[in-house]
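Working notes for the structure below.
In the text below, chain A, chain B and the rest are named by the order of the sequence lines, each starting its count at 1.
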Protein chains: 2
Amino acid sequence: MPTIKDVAKKAGVAVSTASYALSGKGKVSASTLERVRKAAVELNYQKNGFASDLKSTRTNTIALILSDLSGPYYSELIKGVQDVTSSNGYGLIACSSIGGKESTANKFLREKRVDGAIVLAHNIDDDLLNLSANQNFPIVVLDRNLANDHIIHVEVNNEDGARKATEHLIERGHNSIAFVAGPNDSHDSNLRFNGYINALEKNNLTYYSRFKVTGDFTRDGGYRATRMLIAQQTLPEAIFYANDEMAIGGLQALKEKAIKVPEDISIIGYDDIQLAEYAFPSLTTIRQPKYEIGALSAHMILQILSGEEVEKEYMLETELILRESVK
Amino acid sequence: MPTIKDVAKKAGVAVSTASYALSGKGKVSASTLERVRKAAVELNYQKNGFASDLKSTRTNTIALILSDLSGPYYSELIKGVQDVTSSNGYGLIACSSIGGKESTANKFLREKRVDGAIVLAHNIDDDLLNLSANQNFPIVVLDRNLANDHIIHVEVNNEDGARKATEHLIERGHNSIAFVAGPNDSHDSNLRFNGYINALEKNNLTYYSRFKVTGDFTRDGGYRATRMLIAQQTLPEAIFYANDEMAIGGLQALKEKAIKVPEDISIIGYDDIQLAEYAFPSLTTIRQPKYEIGALSAHMILQILSGEEVEKEYMLETELILRESVK
DNA sequence: CTGTTAGCGCTTTCAT
DNA sequence: ATGAAAGCGCTAACAG
């Protein structure tokens, strides 16, 4: 691999001159500029990004850290982030937190390979975020609450969203409502559970712990959770799934047992992923403003990076989307 | 930001010793190791990734470059790549090629910020790939053919897939078949068009150029293309969309004009994205082995990186998925 | 306008 | 086992 030194030698100039010429920071005569450029092309010179970052300490790139790059939920979120970063001349890389301590996500966070990060990955632990965040390295977290001056929270009102979902079910006349939770360590899922409980209490409905089953936010988890519900002697009148993916898995389980939705049982999801609209029956759900979350998060990071003072807490609201899965 | 120098000073050792201690490469007594570790924690020391990469010239990370991080097609592909990389101790970052020359994708490719790359992004140009690929920087391309010793091609048999789709339509008795193409510069779309033409010819059907309209691989593009088809006096008996997203947009346009699928017109897509199964009517389509593409690509990169000699060309086959959108 | 030079923070010989 | 020191490739301050 040729270095800038080789280019300089070939062009018959000093490295600094070559550097100036290549970076286009003026201070070079047209003729040397030409010579240097020519030499660079001939040698197929490509600058070493690490070396230049090491000097500049700015990467102009932010990272979006997700627990799983391939989830359907993320599509719109990414779009929001991407639109904002790219229109501000920033680069974006997405990385997954799969792989624990060794994951790329961990590495990027620890070693500051980017200028800032947006994190939506329950398997990244709080300590790491607390250690990594600082004046020059802003972090936006989307799925937890951390007491740290350099961490911005962009939250969606989970409790209220879950309350809306549950109350909608109650309004439609359902008295026994099951809740299919996400992973136990998911902050979001726990808040949604709280909202569910609140709505129950407010309406004087008793909560039966056998009506709470745990999925893991995947379609398969929703399928299994629903099978468990079906296996119990009394089927609830409605099921509230803590996310749409699980609801879609549930739809499948219900269909297999010939339990009709919404005739025999009503179901409601959470998120409003693209598929929700196409599921059969289409899924009544709680929409999260995913694009806005992404765009706002990116915007905040860039604000901080450009030295602005910003609010540390943002709360976005949800919306009930009526479709066909609730009677 | 504290550096390793600070840690060394605090621990009362030389930088080299600190480096050894921190990287766990032996050669340090238990007591100094302890001292150094303690100092590092107290200072909240985090190593500078760029500096260490600059020395080591290995990042243990590969990049997946996509034209748009948020497309539904990519989900499974990413999963395939991710499974292989993470189980081999490699990191993965995904980046988008949006933003042209300034995009993160370009930068990573040019400046070798990763050890290798998998590219599925029609807006990255051939020249850049040719310049970047070399002995130590393997590239797998998924959407084009480049004559370059250091570029691996993983292809899906587009022509054959399109032929299958078209012939299926013909077998089901359709004689006038429209084709909704992707962007004109898409290699994949052009090959699919060839397959379509071949099938027509083989079955002695004439090709009408008014039955070829161009979308841009998006739902909206498919919607508009379909409107154009509808606007013409004679509707074809069937439409072959060069990808599922456009077909889903088409479904919408057809529904708005009360044209029933498949009673009034048959449609077939390409890709078999998740949504295809959930569309109404569910979409008959050509499945691309997306997960396998991803896994194979990642595998090849890692092979090369570990010094193996490998084949440069791979061709994967498609499969016709029968659903409800063809009469 | 061009060249010399001092680092950026780290790893890694090579002595001790 | 530990330390001194040489660079990785680049940028930028400074001198000319």
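Side-chain N/O atoms of A:Thr32 include none lying less than 4.0 angstrom from OP1 or OP2 on C:dC1. Contact between the side-chain N/O atoms of A:Ser52 and the OP1/OP2 oxygens of D:dG9 is not found at any separation under 4.0 Å.
Each salt bridge (charged side-chain N to carboxylate O under 4.0 Å, His left out) pair with one or both residues in residues 33-42 of chain B, not counting sequence neighbours, appears once here: B:Lys10-B:Glu42, B:Lys38-B:Glu42.
Checked by atom type, the side-chain pair A:Ser29/A:Thr32 shows a donor-acceptor distance below 3.5 Å. Side-chain contact check for A:Ser186 and A:Asp188: no donor-acceptor pair (N or O, by modelled atom type) lies under 3.5 Å. Checking B:Asp53 against B:Thr59 by side-chain atom types alone, no donor-acceptor pair falls below 3.5 Å. For the residue pair A:Gln82 and B:Ser96, a side-chain donor N or O sits within less than 3.5 Å of a side-chain acceptor on the partner.
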What does the list of N/O pairs under 3.5 Å between the protein and nucleotides 12-14 of chain C look like, with a distance for each?
| from | atom 1 | to | atom 2 | distance (Å) |
| --- | --- | --- | --- | --- |
| C:dT12 | OP2 | B:Lys25 | NZ | 3.4 |

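Along DNA chain C, the nucleotide closest to B:Lys5 and the one closest to A:Ser31 are compared, and the more 5′ of them pairs with A:Ser31. Residue B:Ala30 is the one, among B:Ala51 and B:Ala30, whose nearest nucleotide of DNA chain D lies closer to the 5' end (criterion: closest heavy atom).
Looking at heavy atoms from C-beta onward, A:Val119 lies in side-chain contact with A:Ile139 at the 4.5 angstrom threshold.
D:dT11 atom C1' lies 14 Å from atom CD of B:Glu111, rounded to whole Å.
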